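Have a look at the structure below before the remarks.
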Amino acid sequence: MDTRFYITTPIYYVNAEPHIGHAYTTIVADVMNRFHRLMGYETYFLTGTDEHGDKIVQAAEAAGTDPQTYVDRISRMFRHTWPKLNISNDHFIRTTDPAHMKVVQYILQKVYDAGDIYFDTYKGLYCIGCERFYTEKELVDGKCPDHDKPPVEREEANYFFRMSKYQDWLIEHIEKHPDFIRPERYRNEVLAFLREPLEDLCISRPKERLSWGVPLPFDDRYVTYVWFDALINYVSALGYPDGELFSTFWPVAQHVIAKDILKPHGIYWPTMLKAAGIEPYRHLNVHGYWKINEGKMSKSRGTVVRPLDLAPVYGVDAFRYFLMREMVFGLDANFSEEALIQRLNSDLANDLGNLFSRTLAMTAKYFQGTVPPFGNPVLPEDQALERQVQDAVSAYREEIPKWAFHKALMAVWEMINAANKYIDQTGPWELAKDPDKKGRLQRVLRTLLEVNKTTAVLVAPFMPQTAEKMLERLGVPVKALDLRLERDARWGSLVEGERVQKGAALFPRVDIKKWQQEKNAEERKRNVEKSDESQKTSDLITFQEFQRLDLRAGVVLEAERIPKSKKLLKLKVDIGEERQVVAGIAEHYAPEDLVGKQVVVVANLKPAKLMGVESQGMILAAHDGDVLKLVTTDAPVIPGGKVS
RNA sequence: GGCGGUGUAGCUCAGUCGGUUAGAGCAUGCGGCUCAUAUCCGCAGUGUCCGGGGUUCAAGUCCCUGCACCGCCA
């Protein structure tokens with residue numbers, strides 16, 4: 001059996017701060033890394049930041065600084081976030097590391113020498129404002145969607161990677177290795193994409209357009225562009241071509257990504273590896289998105305919960321547990337503070353925390369806080385619980401390698417629940433009353449202590465701090481990363497006579513009723529502040545300024561949905577003249593309900609195109625939380641009537 | 001427009017190869033216990049399995065079709 005394990009997260013693009021998506025990917029990788037350590041594997045865990053490209057240059061400019069200063073700052077934010085989440089990475093790579101850049105150049109040269117990189121000129125539609133090419137389809141009405149200007153035809157020469165050459169090889173490889181890309185839905189997506197002919201990949205930018213990158217070794221007028229630079233980190237971090245880490249860990253490489261970067265990892269990267277003469281990675285593991293909603297209790301707007309901020313509030317372990325328990329790997333999941341509190345209260349405080357607490361309390365009370373021997377007699381319920389523990393351990397070992405973390409955790413919790421039930425069945429407080437039953441009482445509490453120890457070991461990859469805390473109180477302190485399942489989850493591995501300590505609750509409960517009240521109070525306060533603010537002088541306008549608005553009453557003549565748009569409706573409105581207006585109200589009004597409705601229109605708004613449809617004005621509406629209500633007149637007025 | 005996914009209890013979701021009375025957790029109600037963080041244990045429900053049609057002795061499951069939402073591609 002191969003007992004090495006190499007896991008990577010994507011290197012995160014430093015044009016934004018770390019958010020929950022980054023955190024989940026990284027925590028998943030961390031749990032996997034810790035799990036394999038627990039199983040006795042030799043592991044290597046890599047994360048880092050992607051720091052080249054024009055978006056970085058733009059972001060730096062926007063921040064009023066130079067690219068190097070900017071990427072240093074953002075990269076540092078990532079590097080400092082991970083320890084707070086107890087991430088156990090062995091290395092943090094940056095694409096601006098000189099060593100990485102050298103490997104990128106080495107591989108470029110190698111692929112170039114092999115004839116898989118060629119030079120070609122092409123013509124395209126180029127927007128000078130954006131400094132980029134557009135395809136016909138990206139243009140709106142023949143104009144750049146950002147600058148509203150027609151692009152110019154421009155010829156540019158660039159280097160291309162002959163990706164198409166490896167299409168058939170890749171299809172065959174994916175078909176031969178069913179778990180090359182998993183879960184299956186993403187494998188199918190890649191295969192679907194590969195049914196169409198693959199185009200070659202443009203991998204360069206002329207330096208006059210982009211200087212913030214790795215220069216091509218065979219043409220210093222160019223730098224390499226995005227993916228060629230970024231993906232190579234997975235091998236450059238291991239010291240490719242001849243690093244010892246590379247020969248040890250690359251053969252077992254696994255990547256974790258979110259579904260938005262499936263194509264580069266599922267298609268570009270394997271073909272790049274093939275062209276460079278490197279064997280493909282073992283597995284690409286793809287997860288879904290966290291949909292952030294604020295739960296059904298609070299519909300507050302403008303109070304976007306930043307999930308990462310909740311980690312210190314509720315505890316890193318609770319946060320990690322929630323993410324791993326709540327998401328089925330591969331599928332999307334919902335994130336809300338309520339759901340987090342719910343999990344914390346019921347799974348962590350009530351089930352696990354309370355089991356630990358009552359076990360230790362009884363040990364203190366009946367055995368002066370020392371681990372008792374396995375007394376006698378042994379009854380069937382003892383054996384049943386022991387079996388349950390074995391079942392949980394097997395399920396755990398089986399599910400985690402399949403990335404089914406929720407199932408592994410469910411199995412652990414079945415064991416925890418069984419232990420709680422066992423206490424009820426055996427009633428230690430009754431046994432304690434009868435001195436003749438001391439042996440039985442010993443058996444019961446020792447059994448419980450052992451279950452708690454196994455629990456501590458099993459939750460260690462998910463909640464390392466909790467595991468350490470539990471083990472310390474059980475009198476067998478071990479660092480989470482030094483735990484080994486075979487040794488430390490072995491039944492009877494506690495030390496008889498060792499002192500255990502009750503200590504504070506592992507997971508204090510959160511009073512959800514109180515939390516909701518506070519939340520509501522906050523929200524009310526914010527709303528009051530908001531309306532106060534808007535009445536303050538800061539944004540006052542003069543009457544003359546108001547007069548510049550040409551507001552007119554009108555009546556809706558026609559209304560229809562704009563295809564493919566969720567929000568937009570196309571309206572014909574009579575405001576003395578007929579106007580076509582696009583309004584973002586489709587989520588609130590059905591077209592048929594609008595015809596004949598009195599509305600107020602801003603008539604002198606500069607016309608604009610929305611989804612390719614011209615809008616000559618704007619309909620006024622009032623916001624009420626998530627709800628939107630049209631502004632109308634008290635009674636019908638003649639279309640075109642001035643509103644003032 | 002093409003391809004794919006999803007739709008199951010109040011909420012979040014499982015449901016294998018078509019096979020008994022459709023399940024779990026949370027939330028709710030009732031009962032029990034007192035070691036424990038007002039926790040734990042037991043019991044109890046509640047379903048148009050998105051709609052319609054078909055195949056079959058038998059359909060949540062397979063086929064066709066419609067609707068809704070989502071994703072990928074164009």
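Worth knowing before you read on, the calculation uses all heavy atoms, side chains too, and leaves out hydrogens, waters and symmetry mates. Computed from a predicted structure; not experimentally measured. Below, chain A is the first sequence line, B the second, and so on; all start at residue 1.
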Are A/His265 and A/Tyr234 an aromatic pair by the rule of ring centers under 6.0 Å?
yes
Testing B/rU37, B/rA27, B/rC73 for proximity to the side chain of A/Phe193, the answer is B/rC73
Ring centers of A/Phe228, A/Tyr268 separated by less than 6.0 Å: no
### Atom C1', compared across B/rC11 and B/rG5: separation rounded to whole Å
22 Å
For B/rG1, the nucleotide meeting Watson-Crick or G-U wobble distances (both under 3.5 Å) is B/rC73
Picking from B/rU37, B/rC13, B/rC35, the nucleotide nearest the side-chain atoms of A/Asn334 would be B/rC13
Review point. Is the A/Phe180-A/Tyr281 ring centre distance short of 6.0 angstrom?
Key: yes
Paired to B/rA68 by Watson-Crick or G-U wobble criteria (both distances under 3.5 Å) is B/rU6
Item to check | Whole-angstrom distance between B/rG19 and B/rG1, as gauged at atom C1' | outcome: 42 Å
Exercise for the section: Considering only NZ, NE, NH1 and NH2 on the basic side and carboxylate oxygens on the acidic side, decide whether A/Glu430 and A/Lys433 come within less than 4.0 Å. Expected result: yes
Paired to B/rC62 by Watson-Crick or G-U wobble criteria (both distances under 3.5 Å) is B/rG54
Separation of B/rA24 atom P from A/His406 atom NE2, nearest Å, is 16 Å
Atom CD of A/Glu430 and atom P of B/rU34 are separated, to the nearest Å, by 6 Å
Which value, in whole Å, describes the distance between the P atoms of nucleotides B/rA58 and B/rA14?
30 Å
As its Watson-Crick or G-U partner within any shown strand, both distances under 3.5 Å, B/rU16 has none
Atom CG of A/Leu344 and atom C1' of B/rC26 are separated, to the nearest Å, by 14 Å
Which of A/Asn285, A/Asn188, A/Val190 passes side chain to side chain contact (heavy atoms under 4.5 Å, CB included) with A/Ile181? It is A/Val190
Practice task
For nucleotides B/rC17 and B/rA74, find the distance between their C1' atoms and express it as a whole number of Å.
Solution key: 38 Å
Taken to the nearest whole Å, OH/A/Tyr289 to P/B/rG71 is 9 Å
Separation of B/rG5 atom C1' from A/Leu262 atom CG, nearest Å, is 14 Å
inquiry  = In whole Å, measure the gap between the P atoms of B/rC30 and B/rC63 for me.
reply    = 46 Å
Taking the C1' atom in each of B/rC13 and B/rG60, what is the distance between them to the nearest angstrom?
15 Å
Residues A/Ala456 and A/Ala467: closest non-hydrogen pair is O-CB, 3.3 Å
Whether each nucleotide of nucleotides 39-45 of chain B has a protein heavy atom under 4.0 Å at its base (B), only at its sugar-phosphate (S) or at neither (-) is summarised, 5' to 3', as SSSS---
Note: for A/Arg185 and A/Asp347 on RNA chain B, the residue whose nearest nucleotide lies more 5' is A/Arg185
With A/Arg509 as partner, the option from A/Asn350, A/Asn345, A/Asn354 fulfilling side chain to side chain donor-acceptor pair (under 3.5 Å) is A/Asn350
By nearest-nucleotide position on RNA chain B, the 5'-leaning member of A/Thr359 and A/Arg195 is A/Arg195
When both distances are under 3.5 Å in a Watson-Crick or G-U wobble arrangement, the nucleotide paired with B/rG25 is B/rC11
When rounded to whole Å, the CG to P distance for the pair A/Asn452 and B/rC35 reads 18 Å
To the nearest angstrom, the NZ-P distance between A/Lys437 and B/rC35 comes to 16 Å
Across every strand shown, the nucleotide meeting Watson-Crick or G-U wobble geometry with B/rC33 (both distances under 3.5 Å) is none
Worksheet entry | P gap between B/rC62 and B/rG2, integer Å | 23 Å
To the nearest angstrom, the CD-P distance between A/Glu399 and B/rA14 comes to 14 Å
- Message: Whether A/Arg446 and A/Glu450 form a salt bridge (side-chain N of Lys/Arg under 4.0 Å from carboxylate O of Asp/Glu) is what I want to check.
- Response: yes
Using Watson-Crick geometry (N1-N3 plus N6-O4 or O6-N4) or G-U wobble (N1-O2, O6-N3), each under 3.5 Å, B/rG45 is paired with none
Scan A/Phe356 against the nucleic acid and name what it touches under 4.0 Å (heavy atoms): base, sugar-phosphate only, or nothing.
nothing
request  = Using the P atom on both, measure B/rG66 against B/rA44 and round to a whole Å.
outcome  = 44 Å
* Asked: Using a cut-off of 4.0 Å on non-hydrogen atoms, how would the nucleic acid contact of A/Leu506 be classed: base, sugar-phosphate, or nothing?
  -> base
**Prompt:** According to the interplanar angle, ranging from 0 to 90°, do the rings of A/Tyr12 and A/His22 count as parallel (below 30°), tilted (30 to 60°) or perpendicular (above 60°)?
**Reply:** perpendicular
Item to complete: Assign A/Lys502 to base, sugar-phosphate, or nothing according to its heavy-atom contacts below 4.0 angstrom with the strands shown.
Response: sugar-phosphate
